[in-house]
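Inspection log for the structure reproduced underneath, given as structure tokens.
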There are 2 protein chains.
Amino acid sequence: MIIKKGEGCCSPEPGSRIRGFIQPWILLLLSEKPSHGYELLERLHSGSPETPMDTALLYRTLRQMEADGMVRSGWETGGNGPARRLYEMTGEGVGCLHAWTMNLRRTRERLDEFIAVYEERFGDGGRS
Amino acid sequence: MIIKKGEGCCSPEPGSRIRGFIQPWILLLLSEKPSHGYELLERLHSGSPETPMDTALLYRTLRQMEADGMVRSGWETGGNGPARRLYEMTGEGVGCLHAWTMNLRRTRERLDEFIAVYEERFGDGGRS
DNA sequence: TCCGCTATATGTCATACTCATATAGTAAAC
DNA sequence: GTTTACTATATGAGTATGACATATAGCGGA
């Protein structure tokens, strides 16, 4: 259930997403194997079908990450369909992924703290 | 360790914060007792001293939440120091807090999924 | 009266995200 | 042979959120 505009009191809130979460996800997926944008979209979608990824955000983020040195790309022609830009992670990208994950662990701690305080006050509503 | 501007590859990332996290925190704190902006700042700060809250964001968010009907406020004079705007949660705000927390639970699930995939690939680095 | 603390507020800017739209190659259907 | 669908990348415009600076003002103590 994603809360949309005008649906409720927290309508401006698009589901409490984590800022910049797409970048570590891209790095994590690329750490498994090199991939192109459209394939990353599908891999991200299969991981969380309820929150489809925006193509504009993905492609722009990839270009930015390349400018920042986290990934590098090259055109891959010869397959069927249009040419695809194949991305792979750089050594710097690996370091980024580790640093980002440390940040995300702290984010999870803050989130856990919130939920703990909430449940202490209101109960866990049947959740374990 | 918060990664600051120019410190590393993920320098544009100010610590992987959750979008709009301040609003449910405000509601959760107000569910304990009515409070004014400055006091909310201190209560938020005591909860996470490593990420100080921006005053501009807090005060503007409070006014926006009041416009949205989640909280209401009144001036409190008579104490020492300048007048303070005392906020309390509305019934609508309670509903918001519950809805937001549901969103945050899903956010935590996505975060857990990321960290699980990361640890599966790189190990947990000595963390339990 | 100057400084520090309390308290609220606005101005401005950058970034992240959303939505719409453009472009183009391939392959199958009609 | 052209229309449709899928694959694939990209840009333009607009909004939302957050970051940083600064303004204002009451109060108490040095």
Side-chain angles (χ1 to χ4, degrees), chain A residues 2-6 10-26 35-45 51-68 71 73-87 100 103 107, chain B residues 2-6 10-26 34-45 51-68 71 73-87 100 107:
Chain A
I2 298 171
I3 292 180
K4 295 188 186 68
K5 287 175 184 173
C10 34
S11 45
E13 170 59 23
S16 301
R17 294 216 174 87
I18 296 166
R19 237 177 133 84
F21 201 22
I22 183 180
Q23 281 151 309
W25 261 120
I26 287 170
S35 203
H36 59 276
Y38 197 83
E39 192 181 42
L40 288 170
L41 272 176
E42 288 179 329
R43 295 171 73 191
L44 286 166
H45 181 71
T51 53
M53 177 53 55
D54 182 63
T55 65
L57 180 59
L58 178 77
Y59 286 112
R60 259 196 279 253
T61 302
L62 282 169
R63 304 304 292 274
Q64 187 57 51
M65 288 169 76
E66 185 165 26
D68 292 342
V71 300
S73 74
W75 284 103
E76 186 195 45
T77 54
N80 45 357
R84 41 181 78 160
R85 192 186 279 273
L86 195 66
Y87 285 93
W100 242 314
N103 280 339
T107 301
Chain B
I2 297 171
I3 292 180
K4 296 190 186 63
K5 286 176 184 173
C10 33
S11 46
E13 170 59 24
S16 301
R17 295 219 173 87
I18 296 165
R19 258 178 109 90
F21 201 21
I22 183 180
Q23 282 150 311
W25 261 119
I26 288 170
S35 204
H36 59 277
Y38 197 83
E39 192 181 42
L40 287 169
L41 273 177
E42 289 179 328
R43 294 171 73 188
L44 286 166
H45 181 71
T51 54
M53 177 54 56
D54 183 61
T55 65
L57 179 59
L58 178 77
Y59 286 112
R60 259 196 279 254
T61 302
L62 281 169
R63 302 305 290 274
Q64 187 57 51
M65 288 171 75
E66 184 166 25
D68 293 343
V71 299
S73 75
W75 285 102
E76 187 196 44
T77 54
N80 44 357
R84 40 181 78 160
R85 193 186 281 273
L86 195 67
Y87 285 93
W100 242 314
T107 300

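All figures in this text were calculated on a predicted structure; none of them were measured in a lab. Below, chain A is the first sequence line, B the second, and so on; all start at residue 1.
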Using a cut-off of under 3.5 Å, enumerate the N/O to N/O pairs linking the protein to nucleotides 2-7 of chain D.
| residue | atom | partner | partner atom | Å |
| --- | --- | --- | --- | --- |
| dT7(D) | OP2 | Y38(A) | OH | 3.1 |

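- Taking atom CD1 of residue I18(B) and atom C1' of nucleotide dA16(D), one finds them 17 Å apart after rounding to whole Å.
- Per the geometry, CG belonging to L40(B) stands 14 Å off C1' belonging to dT6(C), to the nearest Å.
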Identify the pairs formed between an N or O of the protein and an N or O of nucleotides 11-13 of chain D at a distance under 3.5 Å, and give each distance.
| residue | atom | partner | partner atom | Å |
| --- | --- | --- | --- | --- |
| dG12(D) | N7 | R60(A) | NH1 | 3.3 |
| dG12(D) | O6 | R60(A) | NH2 | 2.5 |
| dA13(D) | N6 | R60(A) | NH2 | 3.3 |

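- Counting heavy atoms from C-beta outward, R19(A) and R19(B) have side chains that approach closer than 4.5 Å.
- Rounded to whole Å, the distance from CZ on F21(B) to P on dA19(D) is 14 Å.
- Checked against salt bridge (Lys or Arg N to Asp or Glu O under 4.0 Å), E42(B) has no partners two or more places apart in sequence or in another chain.
- Of the listed nucleotides (dC20(D), dC17(C), dA10(D)), dC20(D) has the atom at the smallest distance from the side chain of D54(B).
- Residue pairs meeting the side-chain hydrogen bond (donor to acceptor under 3.5 Å, both in side chains) criterion with at least one member in residues 53-64 of chain A, sequence neighbours excluded, are Q64(A)-D68(A).
- For the pair A83(A) and T77(A), the tightest heavy-atom approach, listed with the atom from each and the gap, is CB-CG2, 3.8 Å.
- Computed from coordinates, the E76(A) CD to dT9(D) C1' distance equals 14 Å when rounded to whole Å.
- Atom CG in L41(B) sits about 16 Å away from atom P in dC5(C), given to the nearest Å.
- When each of G37(A) and I22(B) is assigned the nucleotide of DNA chain D bearing its nearest heavy atom, the one mapping closer to the 5' terminus is G37(A).
- Rounded to an integer number of Å, the gap from CE of M53(B) to C1' of dG18(D) is 10 Å.
- Whole-Å rounding puts the L62(A) CG to dA16(C) P distance at 14 Å.
- With sequence neighbours left out, E66(A) forms a salt bridge (Lys or Arg N to Asp or Glu O under 4.0 Å) with no residue at all.
- Q64(B) places its CD atom 15 Å from the P atom of dT15(D), with the value rounded to the nearest Å.
- Residues T51(B) and L44(B) fail the side-chain proximity criterion, which asks for heavy atoms closer than 4.5 Å.
- Residue R19(A) has its side chain nearest to dG18(D) when only dT18(C), dG18(D), dC20(D) are considered.
- Separating the CD1 atom in I18(B) from the CZ atom in F21(A) is a distance of 9.5 Å, to the nearest 0.5 Å.
- With sequence neighbours excluded, the residues satisfying side chain to side chain contact (heavy atoms under 4.5 Å, CB included) with E76(B) are R84(B), L86(B).
- Using a 4.5 Å heavy-atom cutoff, the side chains of R17(A) and T107(B) are not in contact.
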